[in-house]
Number of protein chains: 2
Amino acid sequence: MTKKTPLPKPVSYAPPKPLYERVKSHVLKRISSGEWPAYCRLPSEHTLVKDMGISRMTIHRALRELTQAGFLERIQGVGTFVASLKTAPKNLELKDIDQIVHSRGSKYSCKIHFLQAELADADAAKLIAVSEGDQVFRSYFVHCENDVPLMLEDRHVNAALFPEYLRMDFHDATAENCLSTRFALLSHEHSIQAKISDAEVSHFLALDTATACLVINRRTWFGERIVSTARMVYPGNRYQLN
Amino acid sequence: MTKKTPLPKPVSYAPPKPLYERVKSHVLKRISSGEWPAYCRLPSEHTLVKDMGISRMTIHRALRELTQAGFLERIQGVGTFVASLKTAPKNLELKDIDQIVHSRGSKYSCKIHFLQAELADADAAKLIAVSEGDQVFRSYFVHCENDVPLMLEDRHVNAALFPEYLRMDFHDATAENCLSTRFALLSHEHSIQAKISDAEVSHFLALDTATACLVINRRTWFGERIVSTARMVYPGNRYQLN
DNA sequence: GAGTGGTCTAGACCACATT
DNA sequence: ATGTGGTCTAGACCACTCT
């Protein structure tokens, strides 16, 4: 059989989504409409296979992805249930300082106040989980938006893990960037506080009066070890996280 | 062939992980060791099938999950690559106030200052995307840890979407809880600021002096519509996010 | 024992990109 | 034309739970 002119494609107003996506939509629609409320039991895979005329692997993939996304809970030998919706995650994504400044359409710059090796005192040793007296690297930067200070970054780096740190070029890349190009699979841990600026912060951020500041503390892990800990201080009147 | 006594299981010190998990570990190990750096091309699925003696669907599942997790990038017709690691997400999960207090081993309580219907002024209308003059619900709660104020919650609720709001029992469940049991598939949008307490905040949080506070603004969406907007104020000296 | 979900396979067809 | 990833199937075996 010879193929002549390809038939004009049948006009299709339904986007040709993969089958497993259609199964996911099918389930999500019933959840969001309230037809299947929290803790409600779903039809078994076998039943869905029969009802939808789709093979089990495809049904299973759809349900597995909805489970990974937190919409369903599955128990082997028991069944599939709509997840408790209290689980709705409330996440905030923290962006890098250079990205923040660029996304505001401003010019980014960074002033290096110091960048040196130190011997860890008790506090520093605790911050990056080394012994007191070990060598650590410390960087003290002020990140600016159109030359106005926007963030003070006081960072300790594990010298044993990242010996090249002092020789990096921090005008091309932030410390964050250096870390993520040097190490794969980093993970982060954060805490956020509100604090009044003290003399040190006011000086480096050029604040004339005491100002409420956002303080983000970030610990960066490479596997089981802490590579770096940073204290990042944003003046509350110049920046808000979002 | 008859099956008699099942052979004593071979002593295995390796945990019997599923094959696709082993494939994932295999790949992740090479990424984290630096053997496969960012942008490096991975062997094709076909090659992995041959090398590891595992079927293509299983290999494919492993690579798909690593892609979803952000470790790989795949291009149809081209190949699989190690993702740029700048993409490492830096997320902060925001917990519910009752969870926070309980996880600190303290007693949670909530004082309702008011809970009423109002006509939206310009500000309120903007907050939940209704027209000026529309009816909105407003709740004004102080959440306490061992009867010490820990958070002021000033909330506007779209009355058309959630008409039962005023009749809920807020001693059993927080407003957040009510929202998530009433609506499935909510999504949230946040901003975080640092602000000095003003007279209103100082009064309701029982602060004797001006204090730096964390202010979290949360908008809660149900599909395309805003259900509720909340301003949550935490005194910086009593709480930090983590 | 019957029903559930979890994994795995071998093979198939497709869309896409490169040569 | 070849090689890549994306999807889908039919059937299989397993571990688990409930009755």
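Fair warning: this is a prediction, and the values are worked out from it, not measured in the lab. Just so we're on the same page: letters track the sequence lines, and every chain starts at 1.
By the side-chain contact (heavy atoms from CB on, under 4.5 Å) test, B:Arg104 pairs with B:Ile100, B:Ser106, B:Glu145, B:Leu150, B:Tyr239, sequence neighbours left out. Residues passing the salt bridge (Lys or Arg N to Asp or Glu O under 4.0 Å) test with B:Glu65 are A:Arg64, B:Lys24, B:Arg61, sequence neighbours excluded. Annotation: salt bridge (Lys or Arg N to Asp or Glu O under 4.0 Å) contacts of A:Glu21 (sequence neighbours excluded): none. Under the rule for a side-chain contact (heavy atoms from CB on, under 4.5 Å), the partners of B:Arg182 that lie at least two apart in sequence or sit in another chain are B:Phe162, B:Glu164. Residues passing the side-chain hydrogen bond (donor to acceptor under 3.5 Å, both in side chains) test with B:Thr174, sequence neighbours excluded: B:Asn177. With sequence neighbours excluded, the residues satisfying side-chain contact (heavy atoms from CB on, under 4.5 Å) with A:Ala175 are A:Phe141, A:Glu153, A:Arg155, A:Tyr165, A:Phe170. Applying the salt bridge (Lys or Arg N to Asp or Glu O under 4.0 Å) rule to A:Glu189 yields the partners A:Arg219; only residues at least two apart in sequence or on another chain are considered. For A:Ser187, the side-chain contact (heavy atoms from CB on, under 4.5 Å) partners two or more places apart in sequence, or in a different chain, are A:Trp221. For B:Asp147, the salt bridge (Lys or Arg N to Asp or Glu O under 4.0 Å) criterion is met by B:Lys107, not counting sequence neighbours.
Between B:Lys17 atom NZ and C:dC8 atom P there is a gap of 11 Å when expressed in whole angstrom units. When rounded to the nearest whole Å, the span between CD1 of A:Ile59 and C1' of D:dT7 equals 14 Å. In this structure, A:Glu73 atom CD and C:dG6 atom C1' are separated by 17 Å, rounded to whole Å. Look at NE2 on B:His60: it is 16 Å from P on C:dT7, rounded to the nearest Å. To the nearest angstrom, P of C:dT4 lies 12 Å from CG of A:Leu42. Between A:Leu63 atom CG and C:dG5 atom P there is a gap of 8 Å when expressed in whole angstrom units. The separation between A:Gln68 atom CD and C:dG6 atom P is 11 Å, rounded to whole Å.
A heavy atom lying under 4.0 Å from DNA chain C marks none of the residues of residues 43-52 of chain B.
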Discussion item. Could you go through B:Ile59 and B:Tyr20, starting from their C-alpha distance and side-chain angles, then the distance that decides it, and tell me whether this counts as side-chain contact (heavy atoms from CB on, under 4.5 Å)?
Written reply: CA-CA 6 Å; B:Ile59 297 283; B:Tyr20 71 90; over 6 Å; no
Item to complete: Verify side-chain contact (heavy atoms from CB on, under 4.5 Å) between A:Val136 and A:Asn158, making sure each step is shown before the conclusion.
Response: CA-CA 6 Å; A:Val136 299; A:Asn158 187 321; over 6 Å; no
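One side chain, B:Lys17 or B:Ser25, offers a donor N or O that lies under 3.5 Å from an acceptor on the other.
Computed from C1' positions of five pairs at each end, the angle between the two local axes of the helix from C:dG1-D:dC18 to C:dT18-D:dA1 equals 0°, rounded to 10 degrees.
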Worksheet item: What is the per-nucleotide protein-contact pattern of nucleotides 10-19 of chain C, from the 5' end, where B denotes a base atom under 4.0 Å from a protein heavy atom, S denotes such proximity for sugar-phosphate atoms only, and - denotes neither?
Response: BBB--BBS--
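Side-chain proximity of A:Arg41 to the nucleotides C:dT7, C:dT4, D:dC8 is greatest for C:dT4.
Between B:Thr80 and D:dT4, a side-chain N or O to OP1/OP2 separation shorter than 4.0 Å is absent. An OP1 or OP2 oxygen of D:dC8 is reached within less than 4.0 angstrom by no side-chain nitrogen or oxygen of A:Arg61. At least one side-chain nitrogen or oxygen of A:Arg74 sits closer than 4.0 Å to the OP1 or OP2 atom of C:dG6. The shortest distance between the side-chain N/O atoms of A:Tyr20 and the OP1/OP2 oxygens of D:dC8 is not below 4.0 Å.
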